[in-house]
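Computed from heavy atoms alone, side chains included, the values below leave out hydrogens, waters and symmetry copies.
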Amino acid sequence: MPKTAAPAPLAADPSRWKALVFIALAQLMVVLDATIVNIALPSAQTDLGISDGNRQWVITAYALAFGGLLLFGGRIADKWGRKNAFIVGLIGFALASALGGAANGEAMMLGARALQGAFGALLAPAALSLLAVMFTDAKERAKAFGIYGAIAGGGGAVGLILGGFLTEYLNWRWTFFVNIPFAIVAAVGAWMIIREPAGGRNRAPLDIPGVILSTTGLVALVYGFTRAESAGWSDALTVTMFVASAVLLATFVLVESRVKSPLLPLRVLLERNRGGVYLSLGLAVIAMFGLFLFLTYYLQVVKGFSPVKTGFAFLPMIAGMITGSTQIGARLMTRVAPRLLMGPGFLLAATGMLLLTQLEVGSSYPALILPAQLLLGLGMGTAFMPAMSLATHGVNPADAGVASAMVNTSQQVGGAIGTALLNTIAASATTAYLTDHAAEAAAGGPAAKLIQAQAMVEGYSSAIWWAVGILVASSTIALTLITTGRPGAGGPVASGDGAGADADVKIPVIAH
């Protein structure tokens with residue numbers, strides 16, 4: 001029998017690498033904002049007269065809007081077009097940042113942060129789904145997602161450095177104003193360069209019940225974990241939020257299984273490879289967010305580092321993430337199955353985290369913290385890159401936005417859980433240590449200060465042990481649930497709608 005001719009390769013967008021620059025710039029801006037404001041918060045709180053009880057809302061307002069609206073933002077990107085959603089998201093984020101920088105009181109600041117979160121929820125899935133539909137060649141896709149993964153993983157630590165510089169040498173308001181040039185350059189570049197593939201929009205009517213249920217359910221979940229951190233797990237409102245979230249999200253799944261045009265088609269979520277990515281990535285982010293929190297406090301409070309010095313202390317982790325993502329993950333992704341990068345990557349990160357369980361008040365930065373950060377960065381960078389790519393691999397182009405939104409949702413919810421859960425564990429361990437050493441603490445003087453520092457470090461190391469276990473669980477999930485072969489190898493299925501491993505062929509030809 002004569003062989004069937006292979007399908008002609010799809011035309012690639014000649015401007016795709018230029019487009020990647022502006023997509024990466026926008027992603028960097030969103031990721032930076034997650035940590036840059038943390039450094040500026042004490043100064044902003046003093047200037048604006050924000051009470052201690054309300055200061056958490058500067059972070060929470062952003063997290064609630066961002067986490068709650070991500071699925072909606074992803075579907076809007078599918079419906080409007082990713083380029084349009086990307087540009088609108090950038091402009092809105094810039095305006096909200098200007099509002100935050102010019103804030104003259106608590107209400108204005110909190111409103112600006114909520115707006116930043118809302119436009120970020122439109123921008124983030126649009127950016128990732130643009131990569132998914134523009135890069136169709138397996139090797140090029142690996143390189144593009146390697147760069148994107150390095151930014152997603154290391155941008156938070158860059159935010160600590162930039163936030164420290166801006167707050168220490170200029171003014172806290174510049175941690176908001178700095179977003180404006182990022183957004184303008186990315187929006188102008190996107191307008192001129194990006195050419196979205198034809199036929200990739202989802203023109204189905206918007207699933208309004210799905211939007212309401214998913215948004216309220218995710219907001220309740222994120223707020224529940226955020227409140228648990230300050231009010232405790234047994235607090236009546238905390239418990240109410242968790243119960244409400246469970247009911248709303250369960251109803252959402254039921255509605256999505258029955259409506260004709262669902263906000264989140266269950267085929268996107270239930271396909272085992274993508275489901276494995278969402279779950280393993282969400283768990284890994286729980287561990288990472290906890291580490292950023294504890295290491296920042298350890299370096300500043302226990303070791304006495306300045307904000308700028310603390311930021312620079314995170315550089316080995318950034319270097320490790322960039323190396324793991326671009327030099328290990330991107331180079332090996334077209335040669336080995338994704339699970340063989342993600343599983344060992346998360347285990348390597350767990351090894352770095354394991355080193356940090358040995359933290360003491362007098363621990364040496366070069367001997368302990370630096371090698372731990374390098375291992376953690378290398379492992380997370382290696383795992384993040386194939387995770388970002390696989391999360392949208394084989395998905396129908398009309399679902400690319402909402403599939404991308406699920407990546408961001410798993411990270412955002414993971415961050416909220418990580419901050420609350422690990423901080424609660426650390427606080428409990430610190431309290432227990434102080435109770436056991438109450439007599440020494442009551443003596444006063446240098447001995448009492450040392451006991452206080454030792455109690456803090458005891459809390460951090462206890463929580464970091466949990467982070468080690470969480471990363472091991474991430475590795476196990478990646479190795480067991482993710483079964484797809486390397487790109488182009490014709491391995492197991494990578495799509496929820498019947499496509500094979502090379503399901504990228506469904507992405508249409510670029511319209512010039």
Examine distances only and state if a side-chain atom of [X] and a backbone atom of [Y] form a donor-acceptor pair shorter than 3.5 Å.
X      : Y      : value
Ser475 : Leu471 : no
Thr238 : Trp233 : no
Arg339 : Ala478 : no
Gln45  : Ile50  : yes
Thr215 : Leu69  : no

(request) Using side-chain hydrogen bond (donor to acceptor under 3.5 Å, both in side chains) as the criterion, list what pairs up with Asp47, not counting sequence neighbours. (result) Trp172
(request) Identify, with sequence neighbours excluded, every residue that meets side-chain hydrogen bond (donor to acceptor under 3.5 Å, both in side chains) alongside Trp465. (result) none
Identify every side-chain donor-acceptor pair in residues 358-382 under 3.5 Å, counting partners at least two apart or on other chains, and give the distances.
unit_1 : atom_1 : unit_2 : atom_2 : d
Ser363 : OG     : Glu360 : N      : 2.7
Ser363 : OG     : Glu360 : O      : 3.2
Ser364 : OG     : Ala367 : N      : 3.2
Tyr365 : OH     : Ala313 : O      : 2.5
Gln373 : NE2    : Ala313 : O      : 2.8
Thr382 : OG1    : Leu378 : O      : 2.7

For [X], give me all partners under ring-ring contact (aromatic ring centres under 6.0 Å, His included), at least two apart in sequence or on another chain.
X      : answer
Phe66  : Tyr62
Tyr460 : Phe294
Phe305 : none

(request) List the steps and the verdict of side-chain hydrogen bond (donor to acceptor under 3.5 Å, both in side chains) for Ser97 and Gln116. (result) CA-CA 7 Å; Ser97 298; Gln116 277 188 311; 2.9 Å; yes
(request) Report the C-alpha separation of Phe93 and Phe182 in whole Å, then their side-chain angles, then the decisive distance to 0.1 Å, and conclude whether the ring-ring contact (aromatic ring centres under 6.0 Å, His included) test is met. (result) CA-CA 10 Å; Phe93 200 92; Phe182 276 91; over 10 Å; no
(request) Taking all non-hydrogen atoms of both residues into account, name the closest pair between Leu481 and Gly276 and its distance. (result) CD1-CA, 3.8 Å
(request) Kindly compute the distance separating CG (Leu348) from CE (Met353), expressed to the nearest 0.5 Å. (result) 11.5 Å
(request) Report yes if some heavy atom in the side chain of Leu123 is under 4.5 Å from a heavy atom in the side chain of Phe119; otherwise report no. (result) no
(request) Check the surroundings of atom NZ in Lys303: do more than 12 heavy atoms from other residues, nucleotides or ligands lie under 6.0 Å from it? (result) yes
